[in-house]
Amino acid sequence: KRFNLKYEDLSKSEQDTLSGWLVALQNNAVTTEGIRMYFIQMRRGVEEELTKYNLTKEQDLFLKARLRNYMMIEDFLTGPDKAKAALEKALENIKRKN
C-alpha cells in the first residue's frame, strides 16, 4: 500500500521473491542457506524473463548481466560445500586404492 502497488500487479517472480522475503522476515534469522535460496529465486526470475521473445537488445543485455552476477554469487555461496564434496571424493578414492 505504501508504494501504491497491489500483489496482483507483481510478476510471478516478484511475487515469489516477496513471499521469500516475508518468510525470512517472519523467521527473523538470516542464514547462508536462506541467502543462497534467495539468489536461486532471483536467478530463476531472470531466466524466466530471458525466455520472452520481445526483449529489446538493452533488456537482453541487462538481464544477462544480472544472471551472470547471480550465478557468481551462487558459486561463491556454494564454494565451501563444493570444495568439501571434492575433498571427500578424493579421500574416498585414496581409501579405495589402499
Side-chain angles (χ1 to χ4, degrees):
K1 289 180 182 180
R2 190 170 125 201
F3 296 100
N4 199 26
L5 288 172
K6 294 180 183 171
Y7 185 77
E8 299 80 30
D9 295 335
L10 302 175
S11 69
K12 174 72 173 124
S13 64
E14 290 169 336
Q15 290 175 353
D16 292 344
T17 300
L18 178 61
S19 296
W21 286 351
L22 293 174
V23 168
L25 289 172
Q26 289 170 350
N27 292 338
N28 219 11
V30 177
T31 64
T32 304
E33 181 63 18
I35 293 170
R36 189 177 72 78
M37 294 307 296
Y38 166 76
F39 281 104
I40 288 172
Q41 283 182 325
M42 296 302 288
R43 178 181 46 81
R44 286 183 181 153
V46 171
E47 290 170 343
E48 185 178 312
E49 290 293 314
L50 274 170
T51 62
K52 294 182 178 175
Y53 68 91
N54 58 346
L55 294 173
T56 67
K57 192 173 185 177
E58 187 175 79
Q59 288 171 322
D60 185 66
L61 178 65
F62 288 143
L63 285 169
K64 286 178 180 174
R66 282 179 50 202
L67 178 59
R68 180 72 176 142
N69 287 338
Y70 292 144
M71 290 168 61
M72 289 189 304
I73 291 169
E74 267 186 75
D75 286 344
F76 172 76
L77 292 172
T78 58
D81 292 336
K82 289 179 183 176
K84 181 181 176 184
L87 180 60
E88 288 174 353
K89 186 175 179 179
L91 291 173
E92 186 63 36
N93 287 338
I94 291 171
K95 182 180 174 183
R96 275 192 246 147
K97 287 180 183 179
N98 293 335

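As a basis for the values below, the full set of heavy atoms in this structure was taken, side chains included, without hydrogen atoms, waters or symmetry mates. Starting from 1, each residue takes its place in the sequence as its number. All values derive from a computational prediction rather than experimental measurement.
- L61 CG to L55 CG: the interatomic distance, rounded to the nearest 0.5 Å, is 11.5 Å.
- Remark: N69 CG to F39 CZ distance equals 9.5 Å, nearest 0.5 Å.
- How far CD1 of I35 is from CD of E33: 10.0 Å, rounded to the nearest 0.5 Å.
- Considering NZ of K52 and CD of Q59, their distance stands at 8.5 Å, rounded to 0.5 Å.
- Note on K89 versus E92: no salt bridge recorded, every NZ/NE/NH1/NH2 to OD/OE distance being 4.0 Å or above.
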Using residues 40-47 as the side-chain source, report each donor-acceptor pair under 3.5 Å to any protein atom, sequence neighbours left out, with the distance given to one decimal.
from : atom 1 : to  : atom 2 : distance (Å)
R43  : NE     : E74 : OE2    : 2.4
R43  : NH1    : E47 : OE1    : 3.4
R43  : NH1    : E47 : OE2    : 2.9

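- No chain of hydrophobic side-chain contacts below 4.5 Å, direct or via other Ile, Leu, Val, Met, Phe, Trp or Tyr residues, connects M37 to M71.
- Using a 4.5 Å heavy-atom threshold, the side chains of E58 and F62 count as touching.
- Among residue pairs with one or both ends in residues 3-13, those qualifying as salt bridge (charged side-chain N to carboxylate O under 4.0 Å, His left out) are K12-D16; sequence neighbours excluded.
- R68 places none of its side-chain heavy atoms less than 4.5 Å from the side chain of K64.
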